[in-house]
*Asks:* 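I am attaching a structure below and will ask some questions about it afterwards.
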There are 2 protein chains.
Amino acid sequence: MTTDIATGARGRTRKAILDAAVRALAQDPAASLGQIADAADVGRTTLHRYFPDRAELLAAVAQEAGQQLSDAAGRARLDDGPGLDALLRSCQTLLQLGDLLTLMFSEVVSIEACGSELGFTQALDDACARGLADGTLDTRLTAGWVQGVLWSSLYLGWSELREGTTPSHDVVSQLLLTVRKALAAPAD
Amino acid sequence: MTTDIATGARGRTRKAILDAAVRALAQDPAASLGQIADAADVGRTTLHRYFPDRAELLAAVAQEAGQQLSDAAGRARLDDGPGLDALLRSCQTLLQLGDLLTLMFSEVVSIEACGSELGFTQALDDACARGLADGTLDTRLTAGWVQGVLWSSLYLGWSELREGTTPSHDVVSQLLLTVRKALAAPAD
DNA sequence: CCGATATGGCACACGAGTGTTCCACTGGCT
DNA sequence: AGCCAGTGGAACACTCGTGTGCCATATCGG
């Protein structure tokens with residue numbers, strides 16, 4: 001407990017490196033350790049002191065991503081209410097992951113690898129299945145396709161958001177609108 | 001004309017290298033020239049004979065992509081009929097680009113760089129504007145967002161297709177269904 | 001004040017990818 | 001046969017990222 005993972009100087013710089021890694025890798029999936037160290041305002045030596053390998057750094061980033069992912073899923077209350085509403089809520093919370101979304105889509109870290117550990121993937125599957133069963137989702141679509149629409153739309157939203165030219169509110173409203181229209185069961 | 005770009009042995013191996021580059025770079029955006037040469041069943045020396053630089057190879061790939069892109073756009077007849085229908089047609093033709101889509105999304109090749117030259121970007125913009133004006137597209141959406149939905153859905157469809165687990169016909173039908181529902185103007 | 005901890009800079013060795021050069025081989029053509 | 005374009009392989013030098021070790025410096029707590 002004297003050297004906890006989040007205590008004092010060690011914890012602070014560790015987090016700084018991790019954050020910088022997410023930022024730098026999102027901007028360039030092949031960013032060198034030197035670039036990451038620079039982004040963290042840290043010497044490359046120090047980076048190696050915390051993460052001996054590039055692989056270990058990536059693993060730590062993946063773990064961090066998994067944590068954020070399951071936090072966002074928790075905030076979305078995936079188990080509550082109609083399936084479609086749960087998915088739309090998760091759109092909003094997942095959008096806050098920011099650069100982590102870029103990392104998942106550029107496959108620097110795999111969604112399955114860090115999401116499955118904490119049951120996130122399972123919760124999302126369940127929400128899709130529930131939505132197809134409770135009549136809120138279009139049954140002409142596969143559960144897998146529904147998830148795919150969610151992720152690709154999320155990526156689109158984050159791209160627009162990162163661009164900075166569209167106000168955050170407009171992005172969210174257009175995102176929710178298109179996803180709902182695309183996935184909702186037909187009126188008749 | 002004795003040494004045209006597509007004539008005889010030189011043209012054939014050039015095309016083989018280009019195709020292999022698309023394949024290899026789609027699978028791994030950081031593929032080495034050696035890997036590309038292997039994929040083309042060609043010595044690395046030969047590859048350098050055709051494309052002295054890695055940059056030149058990438059430029060050639062981009063040009064090829066631009067050509068394919070504008071061909072697909074032509075087949076989709078972007079200027080004909082209601083805007084929404086034109087976009088749905090382009091979904092189908094663009095899906096045939098295959099690995100080239102992966103290259104565009106992994107930003108090995110930028111859509112703007114190779115698409116703008118041939119007026120493809122312009123034609124797509126026009127189709128979106130026409131759709132918003134003729135009442136086939138949902139006017140609550142931005143033209144930019146409409147294009148974004150098109151591309152991200154296209155990426156989703158190609159991902160499923162490449163996976164190989166879903167039959168081609170099912171992918172196309174789900175793709176067209178979700179895109180149409182997402183972008184179509186509301187019934188009332 | 002002093003020691004422990006954390007950090008930064010520097011230098012080194014190592015491997016991978018790249019671009020170049022040179023030479024040998026094969027095929028088709030006259 | 002000889003010629004020649006096209007090709008493949010080996011060798012080389014160069015760059016860049018990586019991982020390691022060492023030493024000087026700063027900062028915090030006693």
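Note that these values count all heavy atoms, side chains included, but never hydrogens, waters or copies made by symmetry. Letters A, B, ... are given to chains in the order of the sequence lines, protein chains preceding strands, and every chain is numbered from 1. The structure displayed is predicted, hence computed values, not measured ones.
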*Asks:* So does A:Tyr50 get a side-chain nitrogen or oxygen closer than 4.0 Å to the phosphate oxygens (OP1/OP2) of C:dT7?
*Replies:*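 For C:dT7, OP1 or OP2 has a side-chain N or O of A:Tyr50 closer than 4.0 Å.
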
*Asks:* Tell me, please, which residues at least two apart from A:Glu56 pass side-chain hydrogen bond (donor to acceptor under 3.5 Å, both in side chains).
*Replies:*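 For A:Glu56, no residue satisfies side-chain hydrogen bond (donor to acceptor under 3.5 Å, both in side chains) once neighbours in sequence are set aside.
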
*Asks:* Side-chain donor-acceptor pair under 3.5 Å between B:Gln96 and B:Arg75, yes or no?
*Replies:*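 There is such a pair between these side chains.
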
*Asks:* Any base atoms under 4.0 Å from A:Phe51, or only sugar-phosphate, or nothing? Heavy atoms, all strands.
*Replies:*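 Contact class for A:Phe51: none.
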
*Asks:* Across the strands shown, which category fits A:Arg54 at heavy-atom distances under 4.0 angstrom: base, sugar-phosphate, nothing?
*Replies:*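 Sugar-phosphate, backbone atoms only, no base.
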
*Asks:* Donor-acceptor pairs are to be reported for all side-chain atoms of residues 76-89 of chain B against protein atoms at under 3.5 Å, with residues two or more places apart or in another chain.
*Replies:*
unit_1  : atom_1 : unit_2  : atom_2 : d
B:Arg89 : NE     : B:Ala76 : O      : 2.8
B:Arg89 : NH2    : B:Arg77 : O      : 2.9
B:Arg89 : NH2    : B:Asp80 : O      : 2.8

*Asks:* Taking the side chain as everything from C-beta on, heavy atoms only, tell me whether A:Leu176 gets closer than 4.5 Å to A:Val172.
*Replies:*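 A:Leu176 vs A:Val172: side chains touch.
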
*Asks:* Which nucleotide wins on minimum distance to the side chain of B:Thr46, given the candidates D:dT7, C:dT18, D:dT18?
*Replies:*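 My answer, after comparing the listed nucleotides, is D:dT7.
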
*Asks:* Sorted by first residue and then second, give each side-chain hydrogen bond (donor to acceptor under 3.5 Å, both in side chains) pair with at least one member in residues 124-143 of chain A; sequence neighbours left out.
*Replies:*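 Residue pairs with at least one partner in residues 124-143 of chain A: A:Gln122-A:Asp126, A:Asp125-A:Gln147, A:Asp134-A:Thr136, A:Asp138-A:Arg140, A:Asp138-B:Lys181, A:Thr142-B:Gln174.
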
*Asks:* Could you check which of D:dT18, D:dA10, C:dT18 has an atom nearest any side-chain atom of B:Thr45?
*Replies:*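 Ranking D:dT18, D:dA10, C:dT18 by closest atom to the B:Thr45 side chain puts D:dA10 first.
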
*Asks:* Among residues 34-43 of chain A, which ones have heavy-atom contacts with DNA chain C below 4.0 Å?
*Replies:*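 Those residues whose heavy atoms fall under 4.0 Å from DNA chain C, taken from residues 34-43 of chain A in numerical order, are A:Asp41, A:Val42, A:Gly43.
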
*Asks:* Could you list all N or O pairs between the protein and nucleotides 25-28 of chain C that sit under 3.5 Å apart?
*Replies:*
none

*Asks:* Of the listed nucleotides (C:dT18, D:dG8, D:dG19), which one gets closest to any side-chain atom of A:Asp53?
*Replies:*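 Nearest listed nucleotide: D:dG19.
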
*Asks:* For nucleotides 11-14 of chain D, tabulate all protein N/O to nucleotide N/O atom pairs closer than 3.5 Å, reporting atom names and distance.
*Replies:*
none

*Asks:* Is any side-chain heavy atom of A:Trp151 closer than 4.5 Å to a side-chain heavy atom of A:Leu94?
*Replies:*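 Yes - at least one pair of side-chain heavy atoms lies under 4.5 Å apart.
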
*Asks:* Heavy atoms from C-beta onward define the side chain here; which of D:dC22, D:dT18, D:dT7 lies closest to that of B:Arg49?
*Replies:*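 Of the options given, the side chain of B:Arg49 lies nearest D:dT7.
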
